[in-house]
*Asks:* 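Take this structure, written in structure tokens, and hold onto it; I'll ask about it next.
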There are 2 protein chains.
Amino acid sequence: MTAKPEILKLTQVTNSRLFHIEAMDLRFSNGVERRYERLRTGGLGAVMIVAINEQDEVLLIREYAAGLEDYVLTLPKGLIDPGEDMMTAANRELQEEAGFAARQLSHVRQLTAAPNYMGHRLEVILARDLYPSKLEGDEPEPLEVIPWPMSRLPELFTQAAFSEGRAIAALCLVQQLQTRVEPPLVSRETASI
Amino acid sequence: MTAKPEILKLTQVTNSRLFHIEAMDLRFSNGVERRYERLRTGGLGAVMIVAINEQDEVLLIREYAAGLEDYVLTLPKGLIDPGEDMMTAANRELQEEAGFAARQLSHVRQLTAAPNYMGHRLEVILARDLYPSKLEGDEPEPLEVIPWPMSRLPELFTQAAFSEGRAIAALCLVQQLQTRVEPPLVSRETASI
């Protein structure tokens with residue numbers, strides 16, 4: 001295991017309303033020195049919600065993404081507010097963005113977006129046992145909610161509009177969990193022994 | 001389908017060596033106006049390489065991620081340089097970061113990192129038929145290369161160090177492709193008919 005580089009200096013480079021850019025002077029264990037830039041993260045992180053209804057459909061949302069200048073398909077997500085834990089934040093965002101609340105919430109795993117230059121962390125939360133419940137969010141327009149069968153994920157993953165790596169990863173991870181908890185397949189022949 | 005918001009104005013907010021922050025004044029089709037901030041992307045995009053060897057192992061790299069201030073496990077990746085197409089860039093990055101070149105390269109799909117506030121696009125490239133070939137990259141220290149069996153992806157996806165959403169997504173997509181091209185399973189009983 002290589003020792004972590006030594007952080008020689010952190011310098012605030014520039015700020016905007018949303019972004020905080022920091023320079024990081026590093027000395028690697030082999031003596032090489034480098035300056036990296038990164039987006040500093042304040043805040044408590046974010047949540048992304050895989051909400052699955054009784055028909056085994058996942059609730060997708062269609063929203064405008066300023067980075068791509070287009071509407072995209074993705075999963076409900078948002079920042080954890082001060083005073084909230086991740087489950088509370090997930091249930092609030094689900095109500096704001098998809099119009100549902102969940103009686104069952106469980107943590108799947110933490111994902112990062114671009115760890116080389118961003119510290120942003122996102123918690124994937126699986127939401128089950130849904131019931132209609134709407135909270136007002138800060139969306140400029142109502143989001144379209146699209147229930148998508150979990151059995152048709154391979155088709156979803158080929159859609160150009162469903163491009164967010166963390167959303168594809170979140171659904172893969174949940175699918176993997178579901179495969180694991182199902183009882184092993186037993187053929188009729190074996191079962192009858 | 002909702003009409004896209006009208007872009008009223010784009011304003012350059014601030015710049016650093018690596019980042020370009022832009023404000024975007026939008027009017028949504030319902031009349032609501034909002035100012036969003038986003039990272040502007042220059043350049044030609046980036047590539048992420050799923051390189052699979054003859055033992056059906058994917059080549060992971062272990063590198064320092066400044067955003068997380070820690071070493072992470074991820075896939076080889078990098079920017080497309082001027083004059084390169086995505087396949088050339090993928091084969092160069094693979095040689096720089098993993099010490100292998102590929103005789104077979106194919107495009108899997110485009111992924112985004114955080115489309116709400118970043119325009120960054122990443123092309124996932126599947127690399128097969130590998131042979132040893134090393135190019136000097138700009139890494140401050142040699143990267144550790146870790147071959148990981150494709151049959152053990154579920155275990156990889158639980159590793160805290162393998163957290164990058166786009167890398168998990170890339171491996172899921174390749175796994176899905178591999179499942180698709182394999183001949184359907186035929187039981188002995190059916191085959192003997």
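Because only heavy atoms are used, hydrogens play no part in the values below, and waters and symmetry mates are left out as well, while side chains stay in. Proteins come first, then strands; the chains are lettered A, B, ... in the order of their sequence lines, and each starts at number 1.
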*Asks:* If the contact rule is any heavy atom under 4.5 Å from chain B, which residues of residues 17-27 of chain A qualify, in numerical order?
*Replies:* A/R17, A/L18, A/F19, A/I21, A/M24, A/L26

*Asks:* Report which part of A/D70 has an atom under 4.5 Å of a heavy atom belonging to chain B: side chain, backbone, both, or neither.
*Replies:* both

*Asks:* Can you say whether A/A160 sits under 4.5 Å from chain B via the side chain, the backbone, both, or neither, judging by heavy atoms?
*Replies:* backbone

*Asks:* Is B/V124 reachable from A/L171 through a run of hydrophobic residues whose side-chain heavy atoms are each under 4.5 Å from the next?
*Replies:* yes

*Asks:* Give the member of A/Y64, A/Y36, A/F162 that has the highest number of heavy-atom pairs under 4.5 Å with chain B.
*Replies:* A/Y64

*Asks:* Report whether A/L75 and A/L130 are members of the same hydrophobic cluster (ILVMFWY, side-chain heavy atoms less than 4.5 Å apart, transitive linking).
*Replies:* no

*Asks:* Evaluate whether atom CD of B/Q55 has more than 12 neighbouring non-hydrogen atoms of other residues, nucleotides or ligands under 6.0 angstrom away.
*Replies:* yes

*Asks:* Are the side chain of B/N15 and the backbone of A/T14 linked by a donor-acceptor contact shorter than 3.5 Å?
*Replies:* no

*Asks:* If the test is salt bridge (charged side-chain N to carboxylate O under 4.0 Å, His left out), which one of A/R38, A/R40, A/K4 qualifies with B/E69?
*Replies:* A/R38

*Asks:* Establish whether B/M48 and B/L94 are linked, either directly or via other cluster members, by ILVMFWY side-chain heavy-atom contacts under 4.5 Å.
*Replies:* no

*Asks:* Mind ranking A/S16, A/P140, A/G165, A/A66 by heavy-atom pairs under 4.5 Å with chain B and telling me who comes out on top?
*Replies:* A/P140

*Asks:* Between chain A and each of B/A169, B/S163, B/A170, count heavy-atom pairs under 4.5 Å; write down the option with the most.
*Replies:* B/S163

*Asks:* Would you kindly confirm whether B/W148 and B/F157 end up in one hydrophobic cluster when ILVMFWY residues are joined by side chain heavy atoms under 4.5 Å apart?
*Replies:* yes

*Asks:* For the candidates A/I168, A/L153, A/L68, which exhibits the highest count of non-hydrogen atom pairs separated by less than 4.5 Å from chain B?
*Replies:* A/L68

*Asks:* Taking a hydrophobic cluster as the set of Ile, Leu, Val, Met, Phe, Trp and Tyr residues connected by side-chain heavy atoms closer than 4.5 Å, whether directly or through intermediates, do A/I146 and A/V174 fall within one such cluster?
*Replies:* yes

*Asks:* Contact between A/R62 and B/T2 at the side-chain level, heavy atoms closer than 4.5 Å - yes or no?
*Replies:* yes

*Asks:* For chain A, which residues of residues 97-122 of chain B have at least one non-hydrogen atom nearer than 4.5 Å to it?
*Replies:* B/R109, B/Q110, B/L111, B/T112, B/A113, B/A114, B/P115, B/N116, B/Y117, B/M118, B/G119, B/H120, B/R121

*Asks:* With chain A as the partner, which of B/L39, B/V13, B/V32, B/L173 has the greatest number of non-hydrogen pairs under 4.5 Å?
*Replies:* B/L39

*Asks:* Got B/R34 and A/E141 here, is their nearest side-chain heavy-atom distance under 4.5 Å?
*Replies:* no

*Asks:* Return the option, out of B/G31, B/P5, B/C172, B/P142, with the maximum number of heavy-atom pairs under 4.5 Å with chain A.
*Replies:* B/P5

